[in-house]
Amino acid sequence: LGTRLRSVVADQPKVLAPVNDQPFLKYIIDKLFAQDFNHVVLSTGYLHEKIDEFIRAQYPGINISIVVEDEPLGTGGGIAHALKKCMNEEVLILNGDTFFNIDYAQFYHHHHHHQSSFSIALKHMKNFERYGTVVCDQHHRIIAFTEKKLMEEGCINAGAYIINRLEFLNYKWPEKFSMEKDFMEKFTKDISMYGFPYDEYFIDIGIPEDFARAQNDFKTLLK
């Protein structure tokens with residue numbers, strides 16, 4: 001649980017933080033199965049027992065696998081660890097503390113149409129400084145990532161990716177590494193990496209203000 005949200009939610013993983021009386025993770029999983037996914041892999045670490053308990057109670061008999069990081073592996077190491085449980089050539093990856101209400105089939109269509117090796121769903125925002133930005137050319141190919149700073153407008157990484165599993169795992173990754181620094185920023189020019197902006201609802205519950213906003217938003221968002 002991040003320190004930014006600890007003041008609001010304690011003693012449980014961030015993904016189980018209650019939003020409108022439901023664990024945040026439930027919205028993510030329900031959206032996946034509503035869009036015809038048939039296998040979900042959860043990468044867990046601290047307090048993973050509580051996630052396992054939630055899954056067994058809420059989704060008995062459903063094809064959900066849980067992989068545990070015995071120690072933090074970084075965003076990249078955690079993804080590589082979880083991908084070993086996946087079977088498909090292309091895999092959708094989601095951050096556990098963000099929700100982007102996009103059509104995953106449309107995202108996949110854009111990914112496949114551009115013959116992308118790695119795609120990022122982007123959210124266009126105005127007047128922000130909490131996020132870095134993703135810069136694309138006119139064909140949606142990613143050309144740069146910028147650091148966090150005050151921006152009048154720009155596209156941010158919305159925490160949803162499609163990745164070529166075998167291509168990614170073929171690299172000789174260390175056990176611990178950063179998905180953002182060691183893969184995205186380092187390999188921008190070396191692989192076909194694309195970003196696709198969607199004008200849909202996005203929220204990151206990592207700070208108390210947005211966690212509080214989600215309580216109201218989710219009353220009507222998914223109805």
Side-chain angles (χ1 to χ4, degrees), residues 1-33 35 37 40-55 58-59 64-69 71-83 91-102 104 107 120-123 125 128-134 145 148 155-163 176-181 183-184 198 200-219 221-222:
L1 182 68
T3 54
R4 292 180 299 174
L5 196 59
R6 191 176 295 279
S7 60
V8 178
V9 181
D11 300 325
Q12 61 182 326
K14 188 194 302 184
V15 295
L16 296 184
V19 173
N20 192 28
D21 299 323
Q22 298 278 4
F24 189 69
L25 180 60
K26 187 176 188 302
Y27 295 106
I28 296 174
I29 293 176
D30 287 354
K31 179 176 173 64
L32 288 169
F33 285 119
Q35 295 197 21
F37 284 78
V40 172
V41 178
L42 300 178
S43 178
T44 64
Y46 178 62
L47 295 177
H48 62 86
E49 301 91 348
K50 294 196 173 185
I51 295 176
D52 184 62
E53 180 181 341
F54 164 73
I55 293 299
Q58 187 70 46
Y59 300 99
I64 298 176
S65 302
I66 295 178
V67 296
V68 180
E69 297 176 33
E71 58 180 304
L73 300 177
T75 50
I79 287 171
H81 186 49
L83 284 175
V91 178
L92 174 72
I93 299 170
L94 303 175
N95 287 348
D97 56 0
T98 60
F99 185 91
F100 197 19
N101 196 29
I102 63 172
Y104 297 135
F107 184 27
I120 306 176
L122 306 177
K123 172 65 176 178
M125 301 185 74
F128 64 94
E129 58 181 337
R130 180 178 161 194
Y131 306 99
T133 54
V134 184
F145 295 88
K148 299 176 183 178
C155 285
I156 70 162
N157 174 352
Y161 317 119
I162 297 176
I163 195 168
K176 303 176 183 180
F177 67 99
S178 165
M179 190 69 174
E180 296 78 12
K181 295 293 183 182
F183 175 65
M184 296 183 198
Y198 301 99
E200 300 292 345
Y201 175 85
F202 169 82
I203 194 144
D204 177 347
I205 63 166
I207 60 172
E209 293 86 347
D210 280 357
F211 178 67
R213 179 164 65 89
Q215 305 299 327
N216 186 64
D217 291 351
F218 276 72
K219 289 178 180 177
L221 176 65
L222 301 180

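- Looking only at side-chain heavy atoms (C-beta outward), Leu32 and Leu92 come within less than 4.5 Å of each other.
- The two atoms that bring Ala160 and Leu94 nearest to each other are CB-CD2, 3.6 Å, heavy atoms only.
- Between Ile203 and Phe218 the shortest side-chain heavy-atom distance falls below 4.5 Å.
- Of all non-hydrogen atoms in Val40 and Phe33, the two that sit nearest each other are CG2-CZ, 3.8 Å.
- Between Arg130 and Asp210 there is a salt bridge, since at least one side-chain N of the basic residue sits less than 4.0 Å from a carboxylate O of the acidic one.
- Nearest heavy-atom pair across Ser43 and Gly78 is OG-O, 3.6 Å.
- Closest of all the heavy-atom pairs between Gln12 and Pro18 is NE2-CD, 3.8 Å.
- Put simply, the side chain of Ile120 reaches to within 4.5 Å of the side chain of Phe145, judged on heavy atoms.
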Determine whether Tyr27 and Asn20 satisfy the following criterion, side-chain contact (heavy atoms from CB on, under 4.5 Å), listing intermediate values before the conclusion.
CA-CA 10 Å; Tyr27 295 106; Asn20 192 28; 3.6 Å; yes
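- Expressed to the nearest 0.5 Å, how far CZ of Phe202 lies from CG of Leu122 amounts to 10.5 Å.
- Ile205 and Ala214 make their closest contact through CG2-CB, 4.3 Å (heavy atoms, listed as atom of the first residue, atom of the second, distance).
- The closest side-chain heavy-atom distance from Leu83 to Ile163 is below 4.5 Å.
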May I have the step-by-step check of side-chain contact (heavy atoms from CB on, under 4.5 Å) for Glu69 and Thr44, ending in yes or no? CA-CA 6 Å; Glu69 297 176 33; Thr44 64; over 6 Å; no
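- For CD of Glu53, the number of neighbouring non-hydrogen atoms (other residues, nucleotides, ligands) closer than 6.0 Å is 12 at most.
- Relative ring orientation between Phe107 and Tyr198 is described as perpendicular, the plane-to-plane angle rising above 60° on a 0-90° scale split at 30° and 60°.
- Rounding to the nearest 0.5 Å places CG of Leu73 at 6.5 Å from NE2 of His81.
- Although no hydrogens or angles enter the test, the distance criterion places a donor-acceptor pair under 3.5 Å between the side chain of Gln35 and the main chain of Ile102.
- Annotation: cation-pi geometry satisfied between Lys31 and Tyr104 (NZ/CZ under 6.0 angstrom from ring centroid, within 45° of ring axis).
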Checklist line | Residue pair Met184, Met179: steps toward the side-chain contact (heavy atoms from CB on, under 4.5 Å) verdict | finding: CA-CA 6 Å; Met184 296 183 198; Met179 190 69 174; 3.8 Å; yes
request  = Go through the steps to decide whether Phe99 and Leu221 satisfy the test side-chain contact (heavy atoms from CB on, under 4.5 Å), and finish with yes or no.
outcome  = CA-CA 11 Å; Phe99 185 91; Leu221 176 65; 3.8 Å; yes
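- Between the CD atom in Glu209 and the CG atom in Asp204 there is a gap of 11.5 Å [rounded to 0.5 Å].
- Put simply, the side chain of Asp97 does not reach to within 4.5 Å of the side chain of Phe211, judged on heavy atoms.
- Counting heavy atoms from C-beta on, the side chains of Asp52 and Val68 never come closer than 4.5 Å.
- The structure places CD1 of Ile55 at 5.0 Å from CG of Leu42, a figure rounded to the nearest 0.5 Å.
- Here Asn157 contributes atom CG and Phe100 contributes atom CZ; the two are 10.0 Å apart, rounded to the nearest 0.5 Å.
- A distance of 8.5 Å separates NZ in Lys219 from CG in Asp21, rounded to the nearest 0.5 Å.
- The shortest non-hydrogen separation linking Ile28 to Thr98 is CD1-O, 3.8 Å.
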